[in-house]
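Naming convention: chains lettered A, B, ... in sequence-line order (proteins, then strands); numbering from 1 in each chain. All values derive from a computational prediction rather than experimental measurement.
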Amino acid sequence: EDEFELYRHTDIRPPFTYATLIRQAIMTASERQLTLNEIYNWFTSTFAYFRRNAATWKNAVRHNLSLHKCFVRVENVKGAVWTVDEMEFQRRRSQKLTGSPTTMKPVPSSRAV
Amino acid sequence: LVSSLCSIPLASLPPLEWPMPNHTEHYELHIDVQPKPHHRAHYETEGSRGAVKAPTGGHPVVQLHGYKGKEPLGLQIFIGTADERILKPHAFYQVHRITGKTVTTTSLEKIVNGTKVLEIPLEPKNNMKAIIDCAGILKLRNADIELRKGETDIGRKNTRVRLVFRVHIPQPGGQHISLQAASHPIECSQRSAHELPLVEKQDMDGCSVLGGQQMILTGQNFSSDSRVIFMEKTQDGQQIWEMEATVDKDKSQPNLLFVEVPSYRELSVCHSVKVHFYVINGKRKRSQPQHFTFTPLSVPSIKTEPQ
DNA sequence: CGCTATGAAACAAATTTTCCT
DNA sequence: TTAGGAAAATTTGTTTCATAG
């Protein structure tokens with residue numbers, strides 16, 4: 001929860017991917033859903049690093065939201081909110097672990113191109 | 001002349017975000033004439049867009065019932081939120097005092113506390129009735145408000161407000177009884193007012209779980225591509241049922257929609273179920289959710305259904 | 001090599017704000 | 001001042017390209 005305390009006031013980039021941070025933001029919200037703007041606010045209030053170069057990281061946030069299937073946009077009475085498909089998120093994560101190069105490379109036959 | 005209205009020290013009054021009844025055993029603050037459902041607010045970069053009006057062309061009217069005193073009281077007015085949460089001052093809108101020429105028959109004054117509050121007299125000689133013709137609505141820029149520390153509301157698509165009225169009635173002991181009445185919601189965005197479907201009346205509030213009956217909706221901005229969706233949510237907000245109702249496009253008009261109520265998802269329920277439905281034009285233009293109740297087929301023993 | 005995370009950008013659609021009669 | 005309409009500006013979302021690891 002306050003595992004990011006270190007980054008709240010020190011201007012160093014948090015060692016997590018955008019996807020991880022966005023998920024964290026959404027899952028931290030009481031209703032497990034946030035508007036784009038609220039996600040922005042979570043970034044700036046949680047990380048000093050994201051209080052600079054807004055145009056850049058905000059673009060990256062939007063980019064990640066629509067790129068990853070684990071982020072689902074849901075419409076409601078007011079605008080739209082973003083939610084996390086936890087199943088999908090965990091899937092990406094597990095692939096990264098089991099898909100480690102040395103363990104599952106089926107001995108590619110060396111061959112000139 | 002008007003200064004006497006301020007007799008009650010501001011600091012002693014309850015905060016604007018406090019919930020408050022619109023009546024007590026002896027008094028009632030009542031909105032006799034509601035404002036129109038639409039009122040385009042003006043920005044600081046624009047000229048005033050006038051006072052909020054009533055559907056008839058006149059203005060909203062508020063009256064305090066049960067007051068026997070001889071002294072006039074102050075009626076406070078501010079702009080409140082209009083969503084499902086409890087009423088509070090709207091961060092993105094402020095009342096705007098209309099300094100009408102001959103049009104404004106009331107006097108007023110302005111105070112602040114983050115939100116502007118108008119105060120006009122409620123006089124015994126007028127039967128404690130006030131015509132609200134001096135309240136306009138100012139729109140603040142979303143970006144300006146959102147950057148305020150502590151503000152968590154979002155301005156985008158948050159364009160509905162309510163006029164909120166308050167009176168503080170002096171009591172023998174030196175204390176006050178405070179009453180508050182909020183108007184129907186008012187859509188303040190030019191675009192939303194022009195495009196969002198609005199349901200003003202519905203033929204019926206419910207029917208049996210079998211559905212099949214025709215429900216006539218009266219409202220605004222209905223179109224040929226208007227659809228009606230029924231849905232059910234649990235307490236924690238999770239949607240558990242959604243069903244599109246069939247609309248009779250031939251009969252439907254810009255302000256009239258003929259809907260065939262769908263059957264409920266579970267026909268064997270024993271208790272009536274409260275659900276919602278809304279009208280939606282295209283992909284995003286949807287009305288506020290409306291209430292609807294499905295009643296069980298066989299009512300244990302309470303009373304017999306007609307027919 | 002193949003793949004993921006980042007950045008920068010082009011575009012489109014939805015919504016908000018500013019301007020003009 | 002008040003009303004309407006709508007151009008101009010911003011936001012929010014989607015996609016594509018490129019590059020470092």
Between D:dT12 (C1') and A:Trp57 (CH2): distance, integer Å: 14 Å

Under-4.0 Å side-chain N/O to phosphate OP1/OP2 contact, A:Thr56 with C:dG7: no

Test item: side-chain donor near acceptor, B:Thr81 and B:His90, under 3.5 Å: no

B:Phe230 and B:Phe294 aromatic ring geometry - parallel, tilted or perpendicular at 30°/60° bounds: tilted

A:Arg23 and A:Tyr18 side chains, donor-acceptor separation under 3.5 Å: no

Pair B:Glu187-B:His39, side-chain donor/acceptor within less than 3.5 Å: no

d(CZ, A:Arg92; P, C:dC3) in whole Å: 15 Å

Nearest-Å distance for atom pair CD/C1', residues B:Glu146 and D:dT11: 10 Å

Check: B:Ser223/B:Asp225 side-chain N/O donor and acceptor closer than 3.5 Å: yes

Pair B:Gln94, B:Thr115: side-chain N/O donor-acceptor within cut-off below 3.5 Å: no

Note: B:Arg148-B:Glu146 ion pair, threshold 4.0 Å (strictly below): no

Lys/Arg N to Asp/Glu carboxylate O, B:Glu244 vs B:Arg227, below 4.0 Å: yes

Contact residues, residues 43-53 of chain A to DNA chain D [heavy atom, < 4.0 Å]: none

C:dA13 phosphate, OP1 or OP2, under 4.0 Å from B:Lys285 side-chain N/O: no

Output field: ring centroids A:Trp57/A:Phe50 closer than 6.0 Å: yes

Under-4.0 Å side-chain N/O to phosphate OP1/OP2 contact, A:Tyr40 with D:dT11: no

Residue met sooner reading DNA chain D from 5', once B:Ile154 and B:Ala51 are mapped to nucleotides: B:Ala51

Touch class at under 4.0 angstrom, heavy-atom based, for A:Phe16 against every strand present: sugar-phosphate

Whole-Å gap separating C1' (C:dA14) and NZ (A:Lys78): 17 Å

Rounded interatomic separation in angstrom, taking CD from B:Glu195 and C1' from C:dA14: 9 Å

Atom-to-atom span, NZ of B:Lys283 to P of C:dA13 - whole angstrom: 10 Å

Between P of D:dT10 and CG of A:Asn37, the distance in whole Å: 16 Å

Distance-only side-chain donor-acceptor flag, B:Glu260 / B:Gln213, under 3.5 Å: no

Reading 5' to 3' through nucleotides 13-21 of chain D, protein heavy-atom contacts under 4.0 Å coded B for base, S for sugar-phosphate only, - for none: BBBB-----

Annotated protein contacts, base or backbone, on nucleotides 16-21 of chain C with a non-hydrogen cut-off under 4.0 Å, one of B, S, - each: BBBB--

Shortest non-hydrogen contact between B:Pro124 and B:Glu71, atoms and distance: CG-O, 3.8 Å

Atom-pair distance (CD on A:Glu75; P on D:dT12), nearest Å: 14 Å

Which atom of A:Tyr49 lies closest to which atom of A:Ile12, heavy atoms considered: CB-O, 3.6 Å

